[in-house]
Every structure is written in structure tokens, then in C-alpha cells.
Amino acid sequence: MPTTSSAPGKVYLFGEHAVVYGEPAVPCAIERRASVTVRERDDDRLRVSADDLTLDGFTVEYGVDGGSPDVDVPTPLIEAAMGYVDASVAAARDAAGRPQAGFDVEIESDIPLGAGLGSSAAVVVAAVDAATRELGVELAPEEVAEYAYEVEYEVQEGEASRADTFCSAMGGAVRVEGDACETLDAPDLPFVVGYDGASHDTGALVAGVRALKDEYDFAEDTVEAIGDLVRQGEDALAEGDVAELGRLMDFNHGLLSALGVSARSLDEMVWAARDAGASGAKLTGAGGGGCIVALDAGDSTETALSLTPTCAEAFRASLAHEGVRAE
Ligand code: PMV
């Protein structure tokens, strides 16, 4: 029997970019999941296929010591996905003490890629969980989070915060500040996501903010202001005060704009959501393009976003209380 695990994507309620400089951030898991099915092989090869990474499907196969795959990898995004799966499988081999284990791996995901919704972290978390369970090892979600963080850290060459992997493994709302991660009590937040159809280069956007911060004091102050806002947001979350959370999301978007990481497509979706009556709206993740997140319990924001020219897809994505799970 193959083993399947799934793990959720996430939105940033508050704090992206500032989290890179040690400020706290609050990502929230959402009900859009990646699912990874793993079957142990009787040789040491790894065969990976993905049918639904919002891209054309692909299949590649190679040996445990084989380095890169022996086929042309179709796009840089798929190449990136392969790197994550490869490292996740290596982590599972380590965890189980089975360095030569071979696998067939199948990925399905309904999380847009590279758009600020934590698609790679969800694939890594689900892959680590499924591959370890397939080898007879049961990890606690905190342990899956730790392995998954190490995978992202390696693949992203040191440019990874713990936010995405911890949030995806644990589910719900979480708080991340440096290496300290904790889960938070949160009400059922009515998230609506608008997606402009683009993917962004997180590394380049992070480098841009770092350069701005080095050149201008205002950018340094803006990062600190985001940290203050996150701390106020935590109080609003604990009180379940959705109106206040929305106001703070609006402020957070303004501060991210000041750091130069918004885009016309994102601003138009943010304003469409606000005009439709959302409690608040902001970009989520690195910015530049990708997704915005709004809070609205009714249908008006989703409808307004779907009519916004810069919005390719709008969907409701409520808080996922469950993190990684066996399917
Ligand atoms: O867009 P994403 O999901 O890659 O999120 C990036 C979040 C940043 O804070 C900008 C970077 C990070 O590693 O925390």
C-alpha cells in the first residue's frame, strides 16, 4: 500500500519580510493542500511525477547517487519542485536510517506555485511525512517541521525562515520570531485569496528590501513598525477581533508598499477587496506578484475579485486547523 500525506499552504496574516530581520510574523494555514503519495521501490531509484502543480504534468526518474535527472527538466519551477522532493526524500532516508531506499513519489497540489501561499513548504512537509511513514517511522508534526525547515534551508541556500514549514506542519495560526515558533489560538478566519496568475522570485524581493534598508533609515523604521503592528495583531487575534485584524492588515500592506514589494496587480486586488467590504486586505508572501489575502465572511469580496482585471483566480480559503496529516 502506498502512503499519502497532505499539508496545507499558508497566508501571512502579518509580518512577511520583517521576519527576515528578527521581527515576529503570524502566518496562518489555509485549506488549500499539497498531497504527496510515496511507495517504496525494491531498488534505490527515485521516480517523481506531478500532475497538478498548476503546470503541465511531468515525470522524472533517477538513481540515489545519480545527481541530476537524466531527462530534460521542463521549466525552472519544475526543476525547483524536483530539488525540494529530492531533499525531502533524503531527509526521510536519514530519519529512517535507510540511505538506499528508493521511492515512487506522486505530487498533487492545489496551491499556486511561487505566489506567496507556501506551496514548496507544503510539498516538503507532506513528502517528509509520507516518506518516513512509508519506511515505518512516525514523526511528530514538530519533528516533520524541523526536517522540512532543514530541507528548505538547504534547497534555498540558507534563505529560509521557519515560518512556512512550521505553519504547514502544525496548521492553524502560528507565531514565528527567529528560531522560536509557537502555535496560537485563532478564531475561524474568513480568508479570501486573490491570485494574479504570476509567480515571484522571493530571493530577489528579499534582497531588494535588504538594499533599501541599508540605504534608507525609513526602511529600517518601516521594518520595526511592521514588528510593532504584528504584536498588536497578536492581541487582536487572541480577542477574535476581526475588524481590528482587518485594519492592521491594511496598515501592513501600506508598510510593505513602502518597502517596494507591492505591484499594481496586487494593489488593484487589495482595493477591490476593500471596496467590496472586506475588513482588510494585504499582499501575502514576498510580493511583486502572486496573491493577496482579505478577510470577509460574505461572498462580496470573492465576487469583486473575480471581476477585477488583474485577478486570475479568486477563492475562499478558510483557516486550516489541521497541519500535516495522513490521508
Ligand atoms: O512568498 P513566499 O511564500 O516565498 O514568502 C516569503 C516570505 C518572506 O518573509 C519575504 C521571506 C522569508 O523567508 O520569510
Side-chain angles (χ1 to χ4, degrees), residues 7-30 32 34 53-54 76-77 80-81 83-84 109 111-125 145 148-169 174-181 191 193-213 219 222-227 229-230 233 252-253 255-263 265-266 269 282-293 317:
K10 63 103 219 329
V11 292
Y12 271 95
L13 189 56
F14 307 115
E16 56 273 87
H17 283 289
V19 71
V20 173
Y21 309 100
E23 300 291 348
V26 178
C28 295
I30 55 166
R32 279 256 160 162
L53 281 173
T54 59
L77 277 176
Y84 287 111
S109 173
I111 308 168
L113 276 180
L117 298 186
S119 54
S120 59
V123 167
V124 170
V125 165
Y149 167 66
E150 284 163 18
V151 167
E152 284 222 322
Y153 191 87
E154 180 196 322
V155 176
Q156 294 166 202
E157 294 170 356
E159 286 289 347
S161 76
R162 291 179 177 273
D164 285 23
T165 38
F166 185 74
C167 186
S168 184
V174 306
R175 179 188 202 276
V176 177
E177 185 171 2
D179 283 343
C181 304
F191 292 123
V193 173
Y195 172 40
D196 69 5
S199 62
H200 55 224
D201 179 344
T202 299
L205 288 150
V206 169
V209 171
R210 192 182 295 280
L212 203 68
K213 224 172 120 283
T222 302
V223 165
E224 277 174 34
I226 292 175
L229 183 152
V230 175
N252 198 164
H253 183 75
L255 294 171
L256 288 164
S257 292
L259 293 176
V261 296
S262 193
S265 59
L266 300 177
M269 291 192 286
K282 62 183 278 295
L283 68 85
T284 172
C291 292
I292 65 121
V293 56

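These values consider heavy atoms only, across backbone and side chains, with no hydrogens, waters or symmetry-generated copies. Remember, it's 1-based here, ligands and their atoms both numbered in the order they're listed.
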>> To the closest 0.5 Å, what do you measure between CZ (Arg210) and OH (Tyr21)?
In response: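 The OH atom of Tyr21 is 4.5 Å from CZ of Arg210, to the nearest 0.5 Å.
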
Answer yes or no: is there a side-chain heavy-atom contact under 4.5 Å between [X] and [Y]?
X: Tyr12; Y: Asp164; result: yes
X: Pro24; Y: Val230; result: yes
X: Thr284; Y: Ile292; result: no
X: Val11; Y: Cys28; result: yes
X: Leu117; Y: Arg32; result: no

May I have every N or O pair linking ligand 1 to the protein at under 3.5 Å, one per line with atom names and distance?
{"residue": "ligand 1", "atom": "1 (O)", "partner": "His200", "partner atom": "NE2", "Å": "2.7"}
{"residue": "ligand 1", "atom": "1 (O)", "partner": "Ala286", "partner atom": "N", "Å": "2.8"}
{"residue": "ligand 1", "atom": "3 (O)", "partner": "Lys10", "partner atom": "NZ", "Å": "3.2"}
{"residue": "ligand 1", "atom": "4 (O)", "partner": "Thr202", "partner atom": "OG1", "Å": "2.7"}
{"residue": "ligand 1", "atom": "9 (O)", "partner": "His17", "partner atom": "N", "Å": "2.9"}
{"residue": "ligand 1", "atom": "14 (O)", "partner": "Ser161", "partner atom": "OG", "Å": "3.1"}

